[in-house]
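Structure, as C-alpha cells:
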Number of protein chains: 2
Amino acid sequence: MYLPHCDILIARLRQAGLRITPQREMIVEAIAHSASHLTAEEIYLRVSQPARPVNLATVYRTLELLTEMGFVSRLDLGGGQVSYAAQHHGSHIHLVCRRCGTVIDAEQGLLEALRRQLQAQYHFAADLGHISVPGLCVKCAVSG
Amino acid sequence: MYLPHCDILIARLRQAGLRITPQREMIVEAIAHSASHLTAEEIYLRVSQPARPVNLATVYRTLELLTEMGFVSRLDLGGGQVSYAAQHHGSHIHLVCRRCGTVIDAEQGLLEALRRQLQAQYHFAADLGHISVPGLCVKCAVSG
DNA sequence: CTTAGTGCAAAGGATTTGCAAGCCC
DNA sequence: GGGCTTGCAAATCCTTTGCACTAAG
C-alpha cells in the first residue's frame, strides 16, 4: 500500500496533540490492516487480548475520534450495526441489497469525477473512499 | 411531480396483497409528501394524532415494509438515527459533514451514469435516489 | 369468516456517559 | 504533576418482538 500506513496515522494523532496509548495504537492497527470494513465489536474482538484487555467503550471513543479526523469512515451496511473502514483502501462502493442484505464491493472509476464535481459545485470535500448504495442484487431482482 | 404519488404507492401495496389500513395510508402520505428525509420518530410525530393514535412500532414495521418494496430508502446520516426518504424526489446525494453533521442535498447528474455502470458491471439495480456521502463542509474544512 | 395488522409493553442491543483511577507527555 | 484516557458499570436510546385484540378483504 502506498497511502497512510498505521504509523503515519499514529504520527498524525500525535501531531494533533492527542496522546498515543497502546489501546489507540492497537485499534488503529486493526482497522488499518483490515482488508475491509469492521464493526465496532469486531474491532473490539481483535484488539482486546486476555493479557491486555481493551474496553468496548474505548473502542467506540477511539472510532469516533478517528472518524472525526477523517482516518476512517462510518458505513451503514444495514443490520443495525455501523461499520468502520480505513480511508486508504482505494475508492469503492458498497452495494447493499435491500432485500437480502448482501454487500458487494465495487470498484468505480466514476467516483473521482463525482468527487471533483461535488467540490466545485458545493465546496464539499467528499470522502468517496467508502460509500454505500442501496439497491437489489441480481438474485433478488430475479426472484422479486 | 410526475412520479409515484402516494395513491399509486397505496395501489401497489394493495396489488401486492397487503392490507391498506389507515395507519399505512397516513405513513405513506407523510413520507411521500415530505420534501426530504425523515426519521422514524419524525414520521411518528406527524402521523400520530390524539384522535387517531398510531403506535411507534407500527411506524417501524411499515417503514420496513416500504423499504423492502423499494418505495423508500434508508439513510444513515449519522447521529444514531436512521432516516427514510421516498424514492421519487429525484436523484440526489446527501453530503454529510463528519465534523459538524450538517447535511447538504446535492443534485447530481453524474448519478445516472453511475447507475448504468453498476448495472452493467455488477448486475446491481442501484437506488441512487438517495445516497449519503461523508466528507467535510466548507466551514469545517476551513476551521479544521 | 380468516388472518394480516395493530397496540402495548417488555425485551434486546448497540452506543454513550459519569466518575475514579491510571498513564502519557 | 496535570490533564487527557481508560475502565467499569449503569444509563440511554433506537428498534424489535410476543401476544392478545381488531379490522381489512
Side-chain angles (χ1 to χ4, degrees), chain A residues 9-28 30-31 37-69 72-84 98 101, chain B residues 9-28 30-31 37-45 47-69 71-84 98 101:
Chain A
L9 296 183
I10 296 286
R12 289 208 198 143
L13 288 176
R14 184 172 280 124
Q15 280 169 30
L18 297 166
R19 297 189 179 170
I20 307 308
T21 65
Q23 291 89 333
R24 284 181 175 172
E25 277 187 322
M26 295 168 77
I27 292 169
V28 167
I31 218 176
H37 43 85
L38 300 167
T39 64
E41 194 176 359
E42 286 168 339
I43 294 170
Y44 167 68
L45 290 174
R46 297 193 183 198
V47 158
S48 190
Q49 306 288 327
R52 194 185 262 288
V54 177
N55 197 282
L56 223 200
T58 300
V59 173
Y60 276 108
R61 283 187 281 226
T62 303
L63 285 172
E64 189 189 347
L65 186 79
L66 295 175
T67 301
E68 195 180 304
M69 306 236 1
V72 306
S73 52
R74 300 173 50 120
L75 321 167
D76 176 24
L77 302 180
Q81 246 166 317
V82 174
S83 291
Y84 298 81
R98 66 166 179 265
Chain B
L9 296 183
I10 295 287
R12 288 208 198 142
L13 289 176
R14 184 172 281 125
Q15 279 169 31
L18 298 165
R19 296 184 180 175
I20 307 307
T21 65
Q23 292 89 333
R24 285 183 174 170
E25 278 186 322
M26 294 168 79
I27 293 169
V28 167
I31 216 175
H37 43 84
L38 300 167
T39 64
E41 195 176 358
E42 287 169 338
I43 294 169
Y44 168 68
L45 290 174
V47 158
S48 190
Q49 306 289 325
R52 193 184 263 288
V54 177
N55 197 280
L56 224 200
T58 300
V59 173
Y60 277 107
R61 282 187 282 228
T62 304
L63 285 172
E64 189 189 348
L65 186 79
L66 296 175
T67 301
E68 195 180 303
M69 305 241 353
F71 296 166
V72 306
S73 52
R74 301 173 49 120
L75 322 166
D76 176 24
L77 302 180
Q81 247 168 317
V82 174
S83 291
Y84 299 81
R98 66 165 178 266

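So that the names make sense, note that chain A is the first sequence line, chain B the second, and so on, each numbered from 1.
Taking every side-chain heavy atom of B:A57 into account, D:dT17 is the closest of D:dT17, D:dT15, D:dT6. When distances are taken from the side chain of A:R19 to each of D:dT17, D:dG3, D:dC14, the shortest belongs to D:dG3.
A:R24 contributes a side-chain N or O that, together with a main-chain N or O of A:R19, makes up a donor-acceptor pair within less than 3.5 Å. Between the side chain of A:Q23 and the backbone N or O of A:I20, no donor-acceptor pair lies under 3.5 Å. Checked by atom type and distance alone, the side chain of A:T62 pairs as donor or acceptor with a backbone atom of A:T58 at under 3.5 Å.
Sequence order on DNA chain D of the closest nucleotides to A:T58 and B:T39 puts A:T58 first from the 5' end.
Taking only distance into account, the side chain of B:R14 never meets the base of D:dG25 through a donor-acceptor pair shorter than 3.5 Å.
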| task | For B:F71 and B:L13, run side chain to side chain contact (heavy atoms under 4.5 Å, CB included): C-alpha distance rounded to whole Å, both residues' side-chain angles, the deciding distance at 0.1 Å, then the answer. | result | CA-CA 10 Å; B:F71 296 166; B:L13 289 176; 3.9 Å; yes
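When the P atom of D:dG25 is taken as reference, atom CD1 of B:I10 falls 10 Å away, rounded to whole Å. Put simply, CD on B:Q23 is 13 Å from C1' on D:dC21, counting in whole angstrom units. For the pair B:Y84 OH and D:dT15 P, the interatomic distance rounds to 6 Å; values are reported in whole Å. D:dT16 atom P lies 10 Å from atom CZ of B:R61, rounded to whole Å. In this structure, the CG atom of A:L18 is 15 Å from the C1' atom of D:dT6, given to the nearest Å. Nucleotide D:dG25 holds its P atom 10 Å from the CZ atom of B:R24, rounded to whole Å. Distance, A:E64 CD to D:dT6 P: 12 Å, rounded to whole Å. Atom CG of B:L63 and atom C1' of D:dC14 are 13 Å apart (whole Å).
Applying the 4.0 Å criterion to OP1 and OP2 of D:dT6, one finds that A:T21 has a side-chain N or O inside that range.
In this structure, OG1 in B:T21 is found 10.0 Å from CE in B:M26, a value given to the nearest 0.5 Å. The distance from the CD atom of A:E42 to the OH atom of A:Y84 is 12.0 Å, given to the nearest 0.5 Å.
Here chain A contacts DNA chain C (any atom closer than 4.0 Å to a heavy atom, that is under 4.0 Å), and the contacts span C:dA14 to C:dC25 from 5' to 3'.
Closest approach of A:P53 to A:S48, counting heavy atoms only: CA-OG, 3.6 Å.
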